[in-house]
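Below: the structure, in structure tokens.
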Amino acid sequence: MRALQLTGPGTLELRETPVPEIGPTDLLLRVGAAGLCHSDLHVLAVPVTLRAEPMTLGHEIAGTIEAVGAEVEGRAVGERGLVYLCWSCGVCRECVSGNENVCLAAGRAAMPPCPGLGPDGGMAEYVRIPANSFVPIGEMEFDQAAPLADAALTSYHAIRGAREELRPGATAVVVGVGGLGHVAVQILKAITAVRIVAVDIAPDKLELAGECGADLGLRADGETATRILELTDGRGAEAVFDFVGNDATARLSVEAVAPNGAYRMVGLAGGNPGIDAGPAGGPGLPWGATVRKSYAGTKSDLLACVALARSGALRMSVERFDLADGPTAVDRLERGLVRGRAVLIP
Ligand code: NAD
Ligand code: ZN
Ligand code: ZN
């Protein structure tokens, strides 16, 4: 089969590889679509090797069951679904509490095994998955379903975790209207009655935010925090979701969040919010504000995302590419040219 593999730091190659063999508790999935996430760019950019041998990328996967492991019950060849990306242990105290996204098996500050970031991922014709990571999608198109696995899941989890602050009339800021952010705007629209302010450096992304339901779009610059304070009578936004995570957006989030508000770090660009333990005053974090480094989401969050999409409340803006054109998709994402999510079709 064909697979898009990381063959060395920063090197992506389309290679011929054997179709994966499955174990007794696995499924073999024929991939229908695999989303390209900005995290894949981080993986390509950092000079680390996640494993010794080539690794297939792709952690947003939707497809059809091709084969069922000998011990798997309740699944059949031909079923359509997507893949929950936290391949958690299922028995640690976080897993049994329903917090599979922070499974403890890999370690305190690590993440559970994730396809395409350790085990082979879905940018291939077939992928091996643990049977319990399969989530049915009914008749939904694969290119719509794949981005639910991360872009929607991660956004939904961050938003759900801030729900106390998202009362009707509150202001929520979405920083970075890319693959994740454009879904975050739709989720806020679907499950809250807040005013949604979108922030991006690119005007076309603000236009997309408007189509997704944002009430207002702001160009990101040195004045963005001031503008948000003006819009909120000096109070700040009850919630700020940072889907970029560089120094500028981390600072912006700290300076624009309201007292008792929620600042949620999702983007992984290594930004420093400059939070210290000094007294209040100046542009720093206000009293009572909470900061959460939000990772992926729980399986129950994923079911909620699938339900929202099936109800018509979520519509992914997708750019489709043939698997062989993966490098072109990567290049377009790097240059900020993708509107919504790039999705590879094997
Ligand atoms: P993307 O490239 O699709 O979107 C990024 C958006 O941010 C673009 O619209 C871009 O124009 C905008 N942007 C860039 N710099 C900006 C700035 N200074 N101010 C405002 N907007 C700016 O990326 P994505 O796939 O949506 O991923 C977003 C981030 O989230 C990445 O860092 C990714 O690694 C991370 N991520 C985290 C998790 C998690 O669980 N924490 C999960 C998935 C992705
Ligand atoms: Zn991702
Ligand atoms: Zn666990």
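Ligands are counted one by one from 1 in listed order, and the atoms in each one are counted from 1 as well. The figures here come from the full heavy-atom set of this structure, side chains too, leaving out hydrogens, waters and symmetry mates.
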Which is it for [X] and ligand 1 at heavy atoms under 4.0 Å: side chain, backbone, both or neither?
X    : result
R341 : side chain
H42  : side chain
V338 : neither
L252 : neither
A151 : neither

For [atom], which candidate among [options] provides the closest heavy atom?
atom                    : options               : answer
atom 40 (O) of ligand 1 : A296, C37, G267, P203 : A296
atom 21 (N) of ligand 1 : L268, D200, N101, V43 : D200
atom 27 (O) of ligand 1 : E334, H38, R335       : H38

Discussion item. With a sphere of 6.0 Å drawn around CZ of R75, does it hold more than 12 non-hydrogen atoms of other residues, nucleotides or ligands?
Written reply: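 Count over threshold, so yes.
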Practice prompt. Taking atom CD of E230 as the centre, report whether more than 12 heavy atoms of other residues, nucleotides or ligands fall under 6.0 Å from it.
Written response: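 Yes.
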Discussion item. Quick check on contacts: which atoms of ligand 1 are under 4.0 angstrom from a heavy atom of Y295?
Written reply: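 Answer for ligand 1: 40 (O).
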Worksheet entry | Environment of the Zn ion (ligand 3) in terms of protein N/O/S atoms, cut-off under 2.8 Å |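 Counting only protein N, O or S atoms under 2.8 Å from the Zn ion (ligand 3), the list reads C89 SG, C92 SG, C95 SG, C103 SG.
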Worksheet item: Is the NZ or CZ atom of R80 positioned over F142's six-membered ring, under 6.0 angstrom from the centre and within 45° of the axis?
Response: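 Cation-pi check for R80 and F142: passes.
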Worksheet item: Do any protein N, O or S atoms sit under 2.8 Å from the Zn ion (ligand 2), and which ones are they?
Response: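 Atoms qualifying: C37 SG, H59 NE2, D150 OD2.
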